[in-house]
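The chains referred to below are lettered A, B, ... by the order of the sequence lines, with proteins before strands, and numbering in each begins at 1.
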Amino acid sequence: MKSPITNIFSLNKSYVKQFQQSLLNWYSENKRTLPWRLNQDPYRVWVSEIMLQQTRVDTVIPYFERFTTLFPTLQDLADADEEQVLKAWEGLGYYSRVRNLQTAVKEVCAAYGGKVPKDPREISSLKGVGPYTAGAVLSIAYGIPEPAVDGNVMRVLSRILLIEEDISKPKTRLVFESAVRELISHEDPSSFNQGLMELGALICTPKSPACLLCPMRELCKGFEAGKQNELPVKLGKTKVRKANMAAGIIVGSDGRVLIHKRSSEGLLANMWEFPNTEYIQAKKDAETNALAEYVEENIFAKAIFDEKTGYIEHVFSHLKWEINVWQGKLTSESEKLPAEWRWATVAELENYPFPVSHQKIIRLVKEAIFV
DNA sequence: TAGCCGTGGGC
DNA sequence: TGCCCAAGGCT
């Protein structure tokens, strides 16, 4: 009787062998030269895998170069100031990735002598290291035959093996991990896992896969059934909530502007921003009242906003900000600014990590102050 | 489990 | 333009 876990696909030996040969040959001929493929330094592999989460290769490349120049070793990153680390991540999005990475790197220094652990349980226990990243680092840096199932792998294998389960469900990943455990090359797990992803990036793409160029075509049950364009099955879809926001460019008598560091949790954690608040679109002056109330509650000073200087839209994965930007000033000086609040000159804004939504406001600040 | 968590490119 | 999409993880 076959094990329900390790052999659920009943793939015969010759199929597995052909699968490995075709994939590994294709990968060795077609793999891209990428900065994180220059060596197998576990730290660099790790950094690249975190950056590549939900992010395109072309976007990551310059960030990876800059980041590894700034923080060449695991120890350098562990010792760095969080603000400097966030600044290096500015514009990449999903900022908790890099805060978790730094937490994890400190943990590796403290508990594992600065060496990225090779044990699946240990590496998986690190902050921000989930099933995919664990498998990717273990296989790529250490040559350990662990599955690294990401969106590419699910798409590619759903087609090749004709798996019609909904990949938007978390449990479905386990099905693909089982498949990879059957298929993976124990001679070269690194190239096998990367080959699967590279195939997904270059040939077996989400829309109009290049089946005629595919090295796996003869092994592909999806192609054989003519279902390559129907796979993978992906049902889940979340709607984007709209939020009415008002933001204030508050200019002090010396020309500096007021900025605020966001909380350490939730959206854009620990990033800087201009004072802003969500308001309910109900009565007259709702925006400026809400904004003045927000300012007073936070820095205990009264503010007025008399000129609307711009409108900005910013779309997140699950949220859309529609921001009216107002120019204003304090009518009573606040004695001492609370922690997380600061007056900054326009030049000094460059030193703080701002999310892209507020970088748009910086442009308005420059217009407001220099024009 | 499903919602939260960013951004920019492509069509 | 308004979607969908890209080497996920956390809660």
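- If Tyr94(A) and Lys320(A) are placed on DNA chain C by their nearest nucleotide, the residue sitting closer to the 5' end is Lys320(A).
- Spacing of P atoms, dG2(C) relative to dC5(B), comes out at 24 Å, to the nearest Å.
- Here Trp36(A) lies in heavy-atom contact (under 4.0 Å) with a base.
- Taking 3.5 Å as the limit, the base of dC5(B) and the side chain of Arg97(A) contain no donor-acceptor pair of atoms between them.
- Applying the 4.0 Å criterion to OP1 and OP2 of dT7(B), one finds that Tyr95(A) has a side-chain N or O inside that range.
- With both ends at atom P, the span from dG6(B) to dT1(C) equals 25 Å, rounded to whole Å.
- Side chain of Lys308(A) to main chain of Val325(A): no donor-acceptor pair is present (N/O by atom type, distance under 3.5 Å, no hydrogens or angles).
- Straight-line distance from the CG atom of Leu319(A) to the C1' atom of dG3(B): 12 Å, rounded to whole Å.
- Residue-level contact check: Thr59(A) touches neither bases nor backbone, having no heavy atom under 4.0 Å from any strand.
- A salt bridge links Glu164(A) with Lys227(A): the closest approach of a Lys/Arg side-chain nitrogen to an acidic carboxylate oxygen falls below 4.0 angstrom.
- Counting any heavy atom pair closer than 4.0 Å across all strands shown, Arg241(A) reaches no nucleic acid atom.
- Residue Arg32(A) is in base contact, counting any heavy-atom pair closer than 4.0 Å across all strands shown.
- At the heavy-atom level, Leu34(A) lies under 4.0 Å from base atoms of the strands shown.
- Closest contact between the side chain of Pro170(A) and the listed nucleotides dC10(C), dA2(B), dC4(B) involves dA2(B).
- Checking dG9(C), dC5(C), dG6(B) against the side-chain heavy atoms of Thr133(A) singles out dG9(C) as nearest.
- Between His314(A) and the phosphate of dG6(B), there is no side-chain N or O to OP1/OP2 separation shorter than 4.0 Å.
- Heavy atoms only, all atoms of each residue included: Arg155(A) and Ala201(A) are closest at NH2-N, 4.3 Å.
- Between Val356(A) and Ser168(A), the residue anchored closer to the 5' end of DNA chain B is Ser168(A), taking for each the nucleotide with the nearest heavy atom.
- For Phe354(A) and Phe274(A), the gap between ring centers is short of 6.0 Å.
- Using a cut-off of 4.0 Å between Lys/Arg side-chain N and Asp/Glu carboxylate O, Lys261(A) and Glu273(A) are scored as not salt-bridged.
- Glu82(A) and Lys106(A) are not joined by a salt bridge, as no carboxylate oxygen comes within less than 4.0 angstrom of a charged side-chain nitrogen.
- Taking atom NE2 of residue His358(A) and atom C1' of nucleotide dG6(B), one finds them 13 Å apart after rounding to whole Å.
- When the P atom of dC4(C) is taken as reference, atom CZ of Arg155(A) falls 16 Å away, rounded to whole Å.
- Within 4.0 Å (heavy atoms only), Gly200(A) reaches no atom of the nucleic acid at all.
- Atom C1' of nucleotide dC11(B) and atom CZ of Arg56(A) are separated by 11 Å, given to the nearest angstrom.
- For the OP1/OP2 pair of dC5(B) and a distance below 4.0 Å, the side-chain nitrogens and oxygens of His318(A) include at least one atom meeting the criterion.
- Side-chain proximity of Leu268(A) to dG6(B), dC10(C), dC5(C): nearest is dG6(B).
- Distance CD (Gln54(A)) to P (dC4(C)): 15 Å, rounded to an integer number of Å.
- Here the rule is ring-ring contact (aromatic ring centres under 6.0 Å, His included) with Trp89(A), and of Tyr63(A), Phe71(A), Tyr94(A), Phe67(A) only Phe67(A) fits it.
- For Pro355(A), taking side-chain heavy atoms from C-beta onward, the closest of the listed nucleotides dG8(B), dC10(C), dT7(B) is dT7(B).
- Proximity note for Thr55(A) (side chain, C-beta onward) versus dG6(B), dC5(C), dG8(C): the nearest is dG6(B).
- The CD1 atom of Ile312(A) sits 16 Å away from the C1' atom of dG6(B) (whole-angstrom rounding).
- No contact: Gly236(A) has no heavy atom under 4.0 Å from any strand.
- Contact annotation for Val153(A): no contact, since no heavy-atom pair falls under 4.0 Å across all strands.
- Using a 4.0 Å heavy-atom criterion, one finds that Val57(A) contacts the bases of the nucleic acid, with or without backbone contacts as well.
- For the pair Trp89(A) CH2 and dG8(B) C1', the computed distance is 16 Å after rounding to whole Å.
- In terms of position along DNA chain B, the nucleotide closest to Lys171(A) lies nearer the 5' end than the nucleotide closest to the other residue of the pair Phe316(A) and Lys171(A).
- In this structure, CD of Glu313(A) is placed 10 Å from P of dT1(C), rounded to the nearest angstrom.
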